[in-house]
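Here is the naming used below: chain letters follow the sequence lines, and residue numbers restart at 1 for every chain. Worth knowing before you read on, the calculation uses all heavy atoms, side chains too, and leaves out hydrogens, waters and symmetry mates.
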Protein chains: 2
Amino acid sequence: MGSNVMAAKEAPVGTTPSPTFSPLYRQIKSLLMQRLESGEWRPGEAIPSESELAIRFNVSQGTVRKAIDEMAAENLLLRRQGKGTFVASHDDPRAFFRFLRAVPLTGGIEPTESVPLECWRAKAGPEVARMLELNIGDPITIVRRLLKFAGKPVVVDEIYLPGSVFGAVTLEMLRDYKGSLYSFFEHQFGIRMIRAEERLRAVPADRASADLLNVAEGSPLLSVERVSFSYADKPVEWRRGLYSTNEHCYFNELG
Amino acid sequence: MGSNVMAAKEAPVGTTPSPTFSPLYRQIKSLLMQRLESGEWRPGEAIPSESELAIRFNVSQGTVRKAIDEMAAENLLLRRQGKGTFVASHDDPRAFFRFLRAVPLTGGIEPTESVPLECWRAKAGPEVARMLELNIGDPITIVRRLLKFAGKPVVVDEIYLPGSVFGAVTLEMLRDYKGSLYSFFEHQFGIRMIRAEERLRAVPADRASADLLNVAEGSPLLSVERVSFSYADKPVEWRRGLYSTNEHCYFNELG
DNA sequence: GAGTGGTCTAGACCACACG
DNA sequence: GTGTGGTCTAGACCACTCA
């Protein structure tokens, strides 16, 4: 019908048969993504209603709906019937469990507790620089913390953060904060993690980790290396966790 | 409009505010699931077109579409524009990678090869019985096999199957079959795996596994225990894999 | 009751595959 | 060209939340 936000076709021009065709709802999705990335709508806040967005973008409500559908499926937005559509947040316990796959072998759930151990500044070495798309020597912030399940130590994490964003993190801030680490990043630094890649291996326990986890030096630990991404696939955290898997395991569902 | 396949509301009757409301498209989805479970449409085959299903079920095409959308999102169906909608199959290499998360540390992909080692009958012990929802003592079939990446051994699997379904499996059949194990199950036994749960731990290598994987006895291995489910959440496979993670890792994406 | 998301419909048109 | 899935629209009505 009426003229839309942008041309329905982004000029093929080239020789390929259908190079860059993008349906309207994906263009709307892109616009919504831009709003999220720019921080115009913050985690936990409601975005405008479907009908208002439809008017604003000059498309039908169904088209807005399909854009939001996809973003809800990607856990970027959260729909609540009768209330509105909200920007996903790590304050939500569901997000917590999506990013922590350790569970007791016995089944059930146990109360978890994050114990920050250290926090210091350093310069990025080659590996961290590559993972976080930094230059070697760029400032980074490193956090070491222990994760306890039902009071028992289960995971030691070493977390590498770009100093440009997380330079102000201190051990005190971490200790004082009530909530998950990602919730902390969200509120204190305006960075929301939306996706992560993990690589798992089995490794022998080093002395320091063995002591922290109450296992014998050299006993097998589960090494979980993670790169977390914020909007626009920007890597903003690299971490390595060592999991004691005597009473817990890493749970994963394949579909 | 016209009368549909079933009542739009399944009589609340009780006192709860909205006990079992199920939208039309979910009822359609249930009907489609029944067709899949019954084997009326087999893996790889096309199901009737959306418009035909809409007529058959006396609903609009959009409603059928939404039902199929959900099933496609769950990897039960596969849509191919211009061709039709197909029952998902493990012949599809994409399914293979969804169920095998081992990748080279160096990145890239390597050719994989499954080497069946042994196949024998046994009776279900307490653990297997629980995992496969069998009775203790029920017949089971056990398969041991080695998974090689680029010619090198990386995973030893021990696979427990209910004898009632997989009693006819032999080492020769496994050796002769070209394709993945789940593809084999699909074609030879009509069982399609649609979902699996994995529990990962780090364990010391036993002598036999160490020899097969060319690692030292006692060195850390990644233990991956898996229960696979077919339609209607029926568990039909339990397996334990030991992964050598010196040159490979288990890759997982969190969203 | 007003506002929001959720469902369902009917119809038009587009993109793709295949003969 | 015919048939399939994919997009987009417009409108009606349902379910939920909150004031």
Whole angstrom value for the distance that separates [atom2] of [N] from [atom1] of [X]:
X	N	atom1	atom2	answer
B:Lys66	D:dT7	NZ	P	15 Å
A:Tyr25	D:dG5	OH	C1'	12 Å
B:Gln27	C:dT7	CD	C1'	12 Å
A:Lys29	D:dT7	NZ	P	12 Å
B:Glu70	C:dG6	CD	P	12 Å
A:Arg65	D:dC13	CZ	C1'	14 Å
B:Glu52	D:dG3	CD	C1'	12 Å
B:Phe86	D:dG5	CZ	P	9 Å

Check each residue of residues 71-81 of chain B for a non-hydrogen atom within less than 4.0 Å of any atom in DNA chain C, then write out the ones that pass by number, or none.
B:Gln81
For [X] against [Y], the heavy-atom pair lying closest together:
X	Y	value
A:Phe189	A:Val169	CZ-CG2, 3.4 Å
A:Thr141	A:Gly167	OG1-CA, 3.8 Å
B:Arg94	B:Leu78	NH2-CD2, 3.9 Å
B:Ser228	B:Ala196	OG-CB, 3.8 Å

Here's a test of your reading of the structure: between A:Val64 and A:Lys83, which maps to the more 5' nucleotide of DNA chain D?
A:Val64
Starting at the 5' end of DNA chain D and moving along, which residue's nearest nucleotide shows up first, A:Gly82 or A:Gly62?
A:Gly62
Among [options], the one nearest [X] by side-chain distance:
X	options	value
B:Phe21	D:dG5, C:dG6, D:dA15	D:dA15
A:Ser60	D:dC8, C:dC18, D:dT7	D:dC8
B:Thr63	D:dT7, D:dC18, C:dT9	C:dT9

Backbone N/O of A:Arg192 and side chain of A:Ser230: donor-acceptor pair under 3.5 Å:
yes
Would you say B:Arg101's side chain and A:Leu254's backbone share a donor-acceptor pair under 3.5 angstrom?
no
Can you tell me if B:Ser49 touches the phosphate of D:dT4, counting only side-chain N or O atoms and a distance under 4.0 Å to OP1 or OP2?
yes
Side chains of B:Leu31 and B:Gln34 in contact at under 4.5 Å (non-hydrogen atoms):
yes
